[in-house]
Trainee: 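Sharing a structure, written as structure tokens. Questions coming.
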Number of protein chains: 2
Amino acid sequence: MSEQKISSSRSIQLPLVTSMAEDILGCKWSLAVLQLVRQGICRPGAIERSLEGLTTKVLNERLRKLTNYKILQRQAYPEIPPRVEYRLTSFGEKFIGILDQMAALDREFKDKMLDD
Amino acid sequence: MSEQKISSSRSIQLPLVTSMAEDILGCKWSLAVLQLVRQGICRPGAIERSLEGLTTKVLNERLRKLTNYKILQRQAYPEIPPRVEYRLTSFGEKFIGILDQMAALDREFKDKMLDD
DNA sequence: CAGTATCCAGACCGATACTG
DNA sequence: CAGTATCGGTCTGGATACTG
């Protein structure tokens, strides 16, 4: 009974959050954007200026995705010129908390790589 | 001083492990493969048979990547027919431990999604 | 300033066939 | 059984131009 065929293309049933992580982390700029927002750089313009190579289109794709996942929360101020700010939700905080743990694994990882 | 330009294309200096996570999770089958290995299904043939849709080529790409990152360890037995087994390294255990924490966030995530 | 629409090059992944 | 090679479709993300 050790080898029952797993569902179709979507592998083992992965927890939602895990496939979310796949989705988020698989996208090139997501982590960088999250780091910036966490640092308080939360306006699209500022984010774009902070990340060389990131374009408006891609940034908006990421922001939308992160917002859909409720990792970020969008707040628009009805002003001229328009102002928008993105914040981490409390859920988002927990999510990147996990990412931080990955960072914590970092030193160990480097050692691992050294004694090749 | 709040907006110094970040390096070129590679964003904030992300911890190695984090970009590793990006790399791993961005690949479609990596998580499924890891789950299987953890369950003791550690031979390429068995893995391939367990994951419908996964092809030899892609599986080997994943296995190599996971091995390069020292998440998996390859052991070949000099027999005929050849036998190969992949194991989680201790580092790999820690790595998927973090993935498990994501799974732990799962219930909360679902709730979050419900009260949309 | 925030956000959308097009277009296009390249990466990725799946199918298939093949070697040791 | 383990692993490589090749080819082609698809999807992503980068460049650019544009609207409110």
Side-chain angles (χ1 to χ4, degrees), chain A residues 2-3 6-11 19-20 22-34 36-37 40-68 72-87, chain B residues 2-3 6-11 14 19-33 36-37 41-68 72-87:
Chain A
S2 53
E3 266 195 37
I6 304 283
S7 54
S8 58
S9 60
R10 238 328 68 223
S11 69
S19 57
M20 175 178 80
E22 219 175 296
D23 196 8
I24 300 289
L25 297 186
C27 284
K28 209 172 166 180
W29 296 94
S30 305
L31 289 178
V33 170
L34 284 178
L36 286 180
V37 171
I41 303 184
C42 58
R43 301 185 55 184
I47 296 174
E48 189 173 337
R49 259 173 282 121
S50 296
L51 295 174
E52 175 164 331
L54 176 60
T55 61
T56 323
K57 180 203 157 202
V58 174
L59 173 59
N60 280 321
E61 286 169 358
R62 296 303 147 257
L63 287 175
R64 178 151 4 167
K65 190 170 276 191
L66 289 168
T67 304
N68 285 339
L72 291 184
Q73 184 178 13
R74 193 188 112 114
Q75 169 130 28
Y77 300 86
E79 306 171 352
I80 301 293
R83 181 162 61 103
V84 174
E85 293 181 357
Y86 289 86
R87 310 274 173 191
Chain B
S2 54
E3 265 195 36
I6 304 284
S7 55
S8 59
S9 60
R10 230 345 49 229
S11 70
L14 292 171
S19 58
M20 174 177 81
E22 220 176 296
D23 196 9
I24 299 289
L25 297 185
C27 285
K28 210 171 164 180
W29 295 94
S30 304
L31 289 178
V33 170
L36 285 179
V37 171
I41 303 184
C42 57
R43 301 185 56 184
I47 295 174
E48 189 173 337
R49 260 172 281 120
S50 296
L51 295 174
E52 175 164 331
L54 176 60
T55 62
T56 323
K57 181 202 156 203
V58 174
L59 172 59
N60 280 321
E61 286 169 357
R62 297 303 145 254
L63 287 174
R64 176 144 9 151
K65 189 170 277 191
L66 290 167
T67 304
N68 285 339
L72 292 183
Q73 185 177 12
R74 193 188 112 114
Q75 169 129 28
Y77 300 87
E79 307 171 352
I80 301 291
R83 181 163 61 103
V84 173
E85 293 181 357
Y86 288 86
R87 309 275 175 191

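Residue numbering restarts at 1 for every chain, and letters A, B, ... go by the order of the sequence lines. Below, all heavy atoms of this structure are taken into account, side chains as well, without hydrogens, waters or symmetry copies.
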Trainee: Return the stems involving DNA chain D, sorted by first number, where pairs are Watson-Crick (N1-N3 with N6-O4 or O6-N4) or G-U wobble (N1-O2 and O6-N3), both under 3.5 Å, and runs are 3 or more long.
Mentor: C:1-20 with D:1-20
Trainee: Which atom pair, heavy atoms only, marks the closest approach of A:Lys28 to A:Arg62?
Mentor: N-NE, 4.5 Å
Trainee: Taking all non-hydrogen atoms of both residues, which atom of A:Trp29 and which atom of A:Glu52 are closest, and how far apart?
Mentor: CH2-O, 3.6 Å
Trainee: Heavy atom of residues 54-61 of chain A under 4.0 Å from DNA chain D: which residues?
Mentor: A:Thr55, A:Lys57, A:Val58
Trainee: Quick one: closest heavy-atom pair of A:Glu22 and B:Cys27, and the distance?
Mentor: OE2-O, 4.4 Å
Trainee: What is the separation between atom CG on B:Asp23 and atom P on C:dA11, rounded to the nearest whole Å?
Mentor: 14 Å
Trainee: Want to settle it: does A:Pro82 or A:Cys27 sit nearer the 5' end of DNA chain D, counting the closest nucleotide to each?
Mentor: A:Cys27
Trainee: Could you tell me whether B:Tyr86 contacts a base, only the sugar-phosphate backbone, or nothing, with contacts defined as non-hydrogen atoms closer than 4.0 Å?
Mentor: sugar-phosphate
Trainee: Checking the side chain of B:Ser30 only, and the main-chain atoms of B:Leu25 only, is there a donor and an acceptor separated by less than 3.5 Å?
Mentor: no
Trainee: Give, for atom CD1 of A:Ile24 and atom CG of A:Leu31, the distance between the pair rounded to the nearest 0.5 Å.
Mentor: 9.0 Å
Trainee: Take the protein atom CG of A:Leu51 and the nucleotide atom P of D:dA15, then report the distance between them rounded to whole Å.
Mentor: 13 Å
Trainee: Take atom CZ of A:Arg49 and atom C1' of C:dA2, then tell me their distance rounded to the nearest Å.
Mentor: 12 Å
Trainee: Quickly work out the B:Glu52 CD to C:dC13 P distance and round it to whole Å.
Mentor: 18 Å
Trainee: Could you give the distance from CD1 (A:Ile47) to SG (A:Cys42), rounded to the nearest 0.5 Å?
Mentor: 7.0 Å
Trainee: Which nucleotide wins on minimum distance to the side chain of B:Val84, given the candidates C:dG14, D:dA2, C:dC13?
Mentor: D:dA2
Trainee: Send over the distance from A:Leu72 CG to C:dA2 P, rounded to a whole Å.
Mentor: 15 Å
Trainee: Nearest whole angstrom, please: distance from the P of C:dC13 to the CZ of B:Arg64.
Mentor: 14 Å
Trainee: Can you tell me if the side-chain N/O atoms of A:Arg43 get under 4.0 Å from OP1 or OP2 in C:dA2?
Mentor: yes
Trainee: Does any part of the side chain of B:Ile41, heavy atoms only, come nearer than 4.5 Å to the side chain of B:Val37, both counted from C-beta?
Mentor: no
Trainee: Nearest whole angstrom, please: distance from the C1' of D:dG14 to the CH2 of A:Trp29.
Mentor: 10 Å
Trainee: Are A:Glu61 and A:Lys65 close enough, and set up right, to give a salt bridge (Lys or Arg N to Asp or Glu O under 4.0 Å), and what steps lead you there?
Mentor: CA-CA 6 Å; A:Glu61 286 169 358; A:Lys65 190 170 276 191; over 6 Å; no
Trainee: Assess the side chains of B:Glu48 and B:Thr56: does a donor N or O sit below 3.5 Å from an acceptor N or O?
Mentor: yes
Trainee: CD of B:Glu48 versus P of C:dT16: gap in Å, rounded?
Mentor: 13 Å
